[in-house]
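Throughout, protein chains are lettered first and strands after them, A, B, ... in sequence-line order, and every chain is numbered starting at 1.
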There are 2 protein chains.
Amino acid sequence: MKITILPKCKFNADATIASQLYAFLRRQITESCIVPGTPLTENELAMHFGISRQPVRQALMKLSRDGLVEIIPQRGSFVKKISASNLKGICFIRSAIECSALAEAKHMSSKNYKQALERLASNLKRQQDLVDSIDGNSSMESADFRARYLRLDDRFHAILCSFSGTDMAWETIQSINANMDRIRYLSLGEFSEPEALMQDHECIYQYISEREIDKALEVLRAHLYEITSTYKPIRRKNIDWFMDEDK
Amino acid sequence: MKITILPKCKFNADATIASQLYAFLRRQITESCIVPGTPLTENELAMHFGISRQPVRQALMKLSRDGLVEIIPQRGSFVKKISASNLKGICFIRSAIECSALAEAKHMSSKNYKQALERLASNLKRQQDLVDSIDGNSSMESADFRARYLRLDDRFHAILCSFSGTDMAWETIQSINANMDRIRYLSLGEFSEPEALMQDHECIYQYISEREIDKALEVLRAHLYEITSTYKPIRRKNIDWFMDEDK
DNA sequence: ACAAGATAACTTGTATTTTAGTTTTGACGC
DNA sequence: GCGTCAAAACTAAAATACAAGTTATCTTGT
């Protein structure tokens with residue numbers, strides 16, 4: 001029995017066991033509660049949660065599709081280590097999709113444009129409120145703050161994607177972004193300040209509101225690649241969570 | 001028993017049953033051998049192939065992730081109908097990723113550049129040879145020709161994606177492209193001529209070889225959206241394979 | 001004839017058992 | 001002491017069995 005970290009938890013009743021376990025494990029992995037390299041044995045998980053191995057298998061399959069778990073046939077399933085080349089790939093795809101989406105703003109009707117601007121503004125306010133709220137009583141490194149801020153950050157970028165006019169933009173990013181989420185979570189509050197991120201967001205919003213899309217695109221692209229600068233210190237701190245191949 | 005189309009087939013021995021069934025079904029669906037709306041009952045498939053429901057479930061789950069199958073809990077699994085908005089989304093993502101990839105060619109070392117050019121040229125020659133080979137004895141509408149040509153077409157675009165320097169570009173496209181493959185298959189030889197596609201390919205290659213990346217990008221983007229022009233006639237011909245929402 | 005409710009015939013979801021493949025370990029021969 | 005081979009102890013894959021939800025049909029009461 002290697003996993004004792006996992007708290008016994010009551011699942012939400014109105015979903016399949018498999019999807020609940022998937023959501024739970026995904027969160028545990030992205031928040032590094034379960035560290036890379038950890039074996040996720042079907043039997044162990046099934047016994048731990050008092051469920052059968054069937055839904056466990058299903059959950060592991062989904063996680064493997066997300067790139068968070070590696071299933072080796074007849075051997076076992078393991079939490080994947082983070083790979084630099086994978087992160088580079090994710091950055092590339094994200095900026096390709098997200099920048100293309102934002103570029104579509106050029107051809108948007110002014111009514112929809114205005115609506116989107118309002119949603120961005122409202123989101124930015126919530127980000128500001130959240131950051132302002134951490135004064136003494138709650139820490140910026142707290143798991144709760146990190147999760148909340150990242151949710152708002154996601155929402156901001158989702159709105160940008162909505163400029164594309166298709167839901168697939170954000171959906172596709174979500175489906176490849178799992179490993180980036182791990183880095184985002186690790187870096188927030190420690191190697192990257194939410195204030196800096198928010199400044200980027202504000203700047204992007206400003207340019208969009210001035211219909212200076214090309215300038216907004218420039219800032220957005222840089223913003224999306226900024227996370228790579230935090231890669232090295234994080235890796236240094238937790239060398240065994242990363243794959244050997246560097247570069 | 002509704003599915004009688006499926007031929008009894010010997011699976012390749014060196015893979016799990018689930019993955020073999022997945023590959024088989026995916027092909028059958030993308031080639032429209034199994035038409036949209038067909039119910040894929042777990043029991044039926046299991047009995048038909050003489051296997052248990054377990055690997056069938058696994059295969060269906062993968063197909064649902066590809067967007068080819070819809071699993072409705074406690075009701076059944078069905079081959080998804082084709083949706084116009086989904087196709088639009090795929091086009092958007094594809095051109096976002098593929099054009100960004102090609103754009104990276106601008107910053108490529110001349111050695112790698114030359115290698116990529118050679119691979120493109122070799123691929124184009126194979127495309128030409130294949131098209132030339134259909135004179136009388138084999139038809140352009142034959143399933144074999146379609147599959148072969150589309151494989152070469154895929155390869156061409158995969159090479160373009162390799163300009164990005166990350167495997168994720170082509171991988172991501174593959175993971176969202178399943179529904180587009182159905183349209184490509186239906187349109188080839190009937191509503192779109194391989195000669196026209198090849199002409200685009202040649203043109204893109206030409207521009208790349210002249211280092212006129214921006215011009216190549218323009219042609220590539222148009223090429224990727226060309227498929228949408230074949231959507232309407234295909235839909236007219238098989239109206240019940242498509243979703244009602246016609247946006 | 002019609003509407004409402006029970007029921008039977010489906011479906012997938014979950015649990016349990018069996019099978020088959022990998023790896024490790026320990027014993028045996030060299 | 002060392003290399004090899006075999007068996008045991010693991011793993012996931014697949015088969016089987018059961019539970020639970022959904023839908024359509026049929027009955028029954030009005």
Short heteroatom pairs, N/O only, protein and nucleotides 14-16 of chain C, under 3.5 Å:
| unit_1 | atom_1 | unit_2 | atom_2 | d |
| --- | --- | --- | --- | --- |
| C:dT14 | OP1 | A:I17 | N | 2.6 |
| C:dA15 | OP2 | A:S52 | N | 2.6 |
| C:dA15 | OP2 | A:S52 | OG | 2.9 |

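- Of the residues in residues 66-81 of chain B, B:Q74, B:R75 come within less than 4.0 Å of DNA chain D through at least one heavy atom, sorted by number.
- Note that B:K62 lies in the cation-pi zone of B:Y22, set by a 6.0 Å cut-off to the ring centre and a 45° limit from the axis.
- When rounded to the nearest whole Å, the span between CD of A:E42 and P of D:dC10 equals 16 Å.
- Note that the CD1 atom of B:I97 and the CD1 atom of B:I173 stand 5.0 Å from one another [nearest 0.5 Å].
- Scanning all heavy atoms of the two residues, the minimum distance from A:I159 to A:R119 falls at CD1-O, 3.7 Å.
- The number of heavy atoms from other shown groups lying within 6.0 Å of CZ (B:R26) is above 12.
- Relative to the axis of its first five pairs, the axis of the last five pairs of the helix from C:dA1-D:dT30 to C:dC30-D:dG1 sits at 20°, rounded to 10 degrees.
- Between the CG atom of B:L21 and the C1' atom of D:dA15 there is a distance of 15 Å, rounded to whole Å.
- The aromatic rings of B:H223 and B:H157 sit parallel, their planes meeting at an angle under 30°, below the 60° perpendicular limit.
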Next item on the list: Please assess A:R65 against B:D66 for the test salt bridge (charged side-chain N to carboxylate O under 4.0 Å, His left out), listing each intermediate value before the final yes or no.
Entry: CA-CA 11 Å; A:R65 186 101 180 206; B:D66 289 339; 2.8 Å; yes

Next item on the list: Take B:D153 and B:R184, measure what salt bridge (charged side-chain N to carboxylate O under 4.0 Å, His left out) needs, and give me the verdict at the end.
Entry: CA-CA 10 Å; B:D153 182 70; B:R184 288 204 306 156; 2.6 Å; yes

Next item on the list: Begin from the C-alpha positions of B:E190 and B:K237 and carry the test salt bridge (charged side-chain N to carboxylate O under 4.0 Å, His left out) through to its verdict.
Entry: CA-CA 11 Å; B:E190 193 158 11; B:K237 195 172 172 186; 2.3 Å; yes

Next item on the list: Kindly determine whether B:E70 and B:K80 satisfy salt bridge (charged side-chain N to carboxylate O under 4.0 Å, His left out), including the steps that lead there.
Entry: CA-CA 6 Å; B:E70 183 168 20; B:K80 253 200 183 169; 5.7 Å; no

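- Atom OH of B:Y22 is separated from atom C1' of D:dA14 by 20 Å (rounded to the nearest Å).
- The aromatic rings of A:F156 and A:H201 sit parallel, their planes meeting at an angle under 30°, below the 60° perpendicular limit.
- Taking atom CG on A:L40 and atom C1' on D:dA12, their separation rounds to 13 Å, with Å as the unit.
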